[in-house]
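Written out below as structure tokens is the structure these notes cover.
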Amino acid sequence: MSAPRARALLQVSELSKTFGGLEAVSDVSFEVREGQIKALIGPNGAGKTTIFNLLTSVLPADAGSAQYDGHELLRLPTYRVAALGIGRTFQTSLLFDQMTVLENVMVGHHLHGHTNMITAALRIFGASAEEREYRELAMDALGNAGLADLAGRPASELPIGQRRLVEVARALASEPRLLLMDEPAAGLNMRETERMGEIIQQTREGGVTVLLVEHDMSLVMSISDEILVLDGGRRLAEGPPEQIRNDERVLAAYLGEEALD
Ligand SMILES: Nc1ncnc2c1ncn2[C@@H]1O[C@H](COP(=O)(O)OP(=O)(O)O)[C@@H](O)[C@H]1O
Ligand SMILES: [Mg+2]
């Protein structure tokens, strides 16, 4: 467990976003303290991915603020958010199938300060001393995820469990200080989910703060320091796993979805 009184690395205040008439995120406030694994959970459509899109300026917020290490994230373009040390993994797999595993992870370094993943992917082919350094860092990230043996394989050959881990390695290769993870265990079997949990904990031990959106409740309950529950775009509850697991409102929100254990 991280120190409960560490300072806030990310402070989100009164964040709101509507799509047409739909209030996808409504007046949501929370903080993520340095060194935490904080989970953001809620039924499908609760607004979790939208919050990540707002924090990374993929979508403009209607209202609110997100203070990160002295910067207002909501006013920054996406590449600047990445350059500040905020990494992200996506709900749907985003590997370049034609590239090798190593090249996919190298894209992570190029994201630092560059506009988008496609530009970053193209830059990999401009070989340089810088590229050699990226290659080493990418190999380190793959090694930490136990994937070094797969470095030269085309990403298209990997099963989902390994694709998910490569995506995490790619995000870590950009050396983030805060990592936003959107359902990293989606599509994984129980054993792969446990492995993902170990990688997330190892990531935090390496000094990275984690904001985790995840549907797998056993994973969330076992590795999170604190959980924020959203329902219909609104904040429903917040607290440590023991408290959230027994919260009547949370159980009601999840009725028909799955058990919280
Ligand atoms: N770009 C978008 N345009 C219109 N509606 C969207 C968009 N993104 C999300 N939504 C809607 O906002 C709500 C919250 O979606 P989302 O944040 O993806 O939920 P979650 O990730 O918690 O499942 C859903 O009703 C979804 O359909
Ligand atoms: Mg989502």
Side-chain angles (χ1 to χ4, degrees), residues 10 12-32 37-66 73-74 76-78 81 86-95 116-118 160-161 163-165 167-168 170-171 178-188 192-193 196-197 200 210-221 223-224 226-239 241 244-245 247 249-260:
L10 175 68
V12 175
S13 307
E14 298 169 6
L15 187 61
S16 293
K17 178 71 180 178
T18 60
F19 294 112
L22 174 81
E23 293 189 15
V25 177
S26 191
D27 204 25
V28 171
S29 300
F30 66 94
E31 62 176 33
V32 183
I37 296 176
K38 176 125 182 182
L40 191 52
I41 69 168
N44 277 327
K48 306 176 298 290
T49 297
T50 301
I51 287 181
F52 279 8
N53 285 335
L54 299 176
L55 294 177
T56 54
S57 291
V58 169
L59 293 171
D62 295 338
S65 90
L73 293 182
L74 302 187
L76 296 176
T78 301
V81 173
I86 300 183
R88 180 177 181 183
T89 67
F90 294 84
Q91 189 168 350
T92 43
S93 178
L94 284 178
L95 293 185
N116 64 48
M117 221 182 274
I118 305 286
I160 180 75
R163 291 179 74 93
R164 287 276 169 204
L165 291 175
E167 285 159 4
V168 174
R170 174 169 62 195
L178 172 65
L179 180 59
L180 312 178
M181 308 184 85
D182 199 348
E183 301 202 25
L188 303 191
E192 291 165 337
T193 299
M196 182 60 75
I200 297 170
V210 177
L211 181 58
L212 170 70
V213 166
E214 183 47 61
H215 226 68
D216 185 302
M217 283 309 138
S218 57
L219 175 61
V220 166
M221 294 295 168
I223 69 173
S224 307
E226 208 173 28
I227 301 173
L228 170 67
V229 189
L230 294 178
D231 189 23
R234 294 180 182 278
R235 183 179 136 137
L236 185 66
E238 189 171 11
I244 295 303
R245 180 183 274 136
D247 188 304
R249 293 163 304 170
V250 177
L251 294 169
Y254 272 93
L255 272 184
E257 282 237 336
E258 61 187 286
L260 285 183

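Whatever order the structure lists them in is the order used to number ligands and atoms, beginning at 1.
In summary, the atoms of ligand 1 found under 4.0 Å from a heavy atom of N44, numbered by their order in the structure, are 23 (O). Taking a cut-off of under 4.0 Å to the non-hydrogen atoms of A46, the atoms of ligand 1 that pass are 19 (O), 20 (P), 22 (O). Of all atoms in ligand 1, numbered sequentially from 1 with element shown, those under 4.0 Å from a heavy atom of T50 are 9 (C), 14 (C), 15 (O), 16 (P), 17 (O).
Between L22 and ligand 1, a contact under 3.5 Å exists for no N or O pair. Between K48 and ligand 1, at least one pair of N/O atoms sits closer than 3.5 Å. Considering backbone and side-chain atoms together, A24 places no N or O closer than 3.5 Å to any N or O of ligand 1.
In this structure, the side chain of S57 does not engage the main chain of P77 through any donor-acceptor pair within 3.5 Å. A side-chain donor-acceptor contact under 3.5 Å links R249 to the backbone of L236.
In terms of protein heavy atoms, atom 14 (C) of ligand 1 is closest to G45 O, 3.4 Å.
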Report task. With side-chain contact (heavy atoms from CB on, under 4.5 Å) as the test, would you mind laying out the steps for L228 and K38 before giving the verdict? Result -> CA-CA 8 Å; L228 170 67; K38 176 125 182 182; 4.2 Å; yes
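For the Mg ion (ligand 2), the set of nearby N, O or S atoms under 2.8 Å includes none belonging to T50. For the Mg ion (ligand 2), the N/O/S atoms of T49 include one lying under 2.8 Å.
A salt bridge does not link R88 with E167: every distance from a Lys NZ or Arg NE/NH1/NH2 to an Asp or Glu carboxylate oxygen is 4.0 Å or more. Taking the charged nitrogens against the carboxylate oxygens, R234 and E23 do have a contact shorter than 4.0 Å, which makes a salt bridge.
Ligand 1 has G47 within reach: a non-hydrogen atom of the residue lies less than 4.0 Å from it.
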